[in-house]
Amino acid sequence: MSAVGVWTLGLALAYTAWLVIGGRWVVARQESRANFFVSGRSFSPWTVAFCITGLFSGSSYIAIVELSYRTGISAVWYGVAETVQVLLIALLLVKPLRRKLVVTVTGIIGDRFGRSAQGISALITGFTFPMYSLATSIAFASALYAITDIALWQSITLTAIILLAFLVFGGMRSVAFSQTMNVIMIFVMFAVGIWALVMSPGSGEIAEFSADRPEMFEPANAGVSLIVAWFGTFIVNVPLAQAAFQMSMSARTPEDGQKGLFLAAVIGIPLILLGIFVGVAAAIVVPDTGLPLVAISEYISGALPPWAAALFFVGMWACALGWAGPCQFSGATSLGRDFGRAIRPKATQAELVRYTRIALVGLTAVLIGLSLLRSEQSAWWNIMAWTLRNGATFAPVLAAFFWPLATRSAAVSALLGGFGAGLGWYAMSGFSATDFFLGTHPVWIGMIVNMALLVVVSLVQVQWRPSPCPQARRRGTAALFSALAIAVLTALNWQWVAGFGLAGLALFLVTLGLFAAAFLAIVSQDPSESVTSFWETPEEQPVTTR
């Protein structure tokens, strides 16, 4: 084992021991089952900021550093898209979600559409969150592989077990402690990364590289379709960002939750830029490597002293934990608490906490099992998770927010149909991370089927009529004409749209316009049959913590 490997293992073990022991100490000071899911709603804006920074900026850094090795500076758009998502959550969702005391997306679906929909959405969400965890765990595993020859799946197994160790006892309080420590470690990595960039490559190598591969410095080198897919996916993910909801809902007030999200958006900017510079530098120094994260590890090891390189790799470990920890906990909350409530509506808070801890053990096994199937490509697992979860839950969540006409059967149909359509399209794509069937990302197909089923099944099951409200009808008509305009423009410019890989997005926007038109302009024939939507519930109505 190299000197870098020895340093990295030593520092990583020490850091991890501190996360486990320190997390237990923090939890022991405020032990309460009621605090397990939202930590007693006691977080300050800075605590929320550290939680969100560890969640989104850590994962963005890993994705960007891998993407920039392949596509150059165009990877910046990935970070911009994720920052837009954080800002939209802060501006649009924190206050209304806090008013309803919401914790999870699956809880929203269950409260609106009943136990069957809640159970199905909880199973889908619980199963997909380990995929998100695996996507970032691969980064540190790749570093260990490069410097110690420890197999990727073995490193990921270690990650999964460590996540279980500090999550199973303390819940959200442990998440807050570990995220704060992770952000500190990530900024240590930032300082070391700047040092590596100063040391290598030199100005001569950069000039030669820019002459040989000028496309690496083009803003759209990643491809217009992929960049649009990043923005589309993150914007669509706004009402589905369950882990971020759970963190911001743990703030003392909605305003504190919003401030924390705004702070996180600012803190993440330097990490986005560092990821680009490190990825491009690695492409210069260690070119033509099949595994970008391994190449980046080799670049850092060659540019810095062993102890400094080890600090950088422990920072990548913190990035992996910063994303994987909240994902595992949020997935276990859906699987343990929400699925538990679906099958046992009268379960006590203590029982739901126990179910969630059991779910954490189960999701640890799932994470390890997935790593045995495919452990070399983080982007692949992100695509799979987005496709399955967003394809299933997108329309039911929006219907819970905005459309009282939606039925329980329609929600269940949308959950299962969107999940199956996305998975089927990805299968027809050969489960490729870059080349999709007919050039269309599977997440668009899943959400198109998801929206179509929810509206069609609802309209078949209930008696409906145009809204009596003139303003609603005007808005619905505007949404309908927008959908038609996009459809016409797409048809007239089909070669251009298909050539840039935008066909899936265009069809999604057409479906979304029709979906919005139904929401805005169609109501029940019998007003007494309408179910109150999420946003229409009176603010003063008593609610229970969900």
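- Between the side chains of Arg70 and Asn221, no donor N or O sits under 3.5 Å from an acceptor N or O.
- Using bins of under 30°, 30° to 60° and over 60° for the plane-to-plane angle, the ring pair Phe394/Phe508 lands in the tilted bin.
- Residue pairs that meet the ring pair (Phe, Tyr, Trp, His ring centres under 6.0 Å) test with at least one member in residues 465-498, sequence neighbours left out, are Trp496-Phe500.
- Side-chain N or O atoms of Gln85 include none that pairs as donor or acceptor with a backbone N or O of Ile235 at under 3.5 Å.
- Under the salt bridge (charged side-chain N to carboxylate O under 4.0 Å, His left out) criterion, Arg473 pairs with no residue, sequence neighbours left out.
- Here the two rings, on Trp386 and Tyr426, have centers that are 6.0 Å apart or farther.
- Judged by distance alone, with hydrogens and angles left aside, the side-chain atoms of Ser74 form a donor-acceptor pair with the main-chain N or O of Thr71 at under 3.5 Å.
- Within the 4.5 Å cutoff, side-chain heavy atoms of Pro239 are placed close to those of Phe401.
- Open room surrounds CH2 on Trp77; 12 or fewer heavy atoms of other groups in view lie less than 6.0 Å from it.
- Aromatic ring orientation, Trp444 versus His441: perpendicular (interplanar angle above 60°, classes split at 30° and 60°).
- Using modelled atom types and a 3.5 Å distance limit, the side chains of Arg341 and Tyr355 yield no donor-acceptor pair.
- Using a 3.5 Å distance cut-off with no hydrogens or angles, the side chains of Thr106 and Asp338 do pair a donor with an acceptor.
- Contact of the Ser178 side chain with the Leu321 side chain is not registered, since no non-hydrogen atoms from C-beta on lie closer than 4.5 Å.
- Separation of atoms CD (Glu351) and NZ (Lys346) is listed at 12.5 Å; rounding is to 0.5 Å.
- Note: Asn182 CG to Phe50 CZ = 11.5 Å, rounded to the nearest 0.5 Å.
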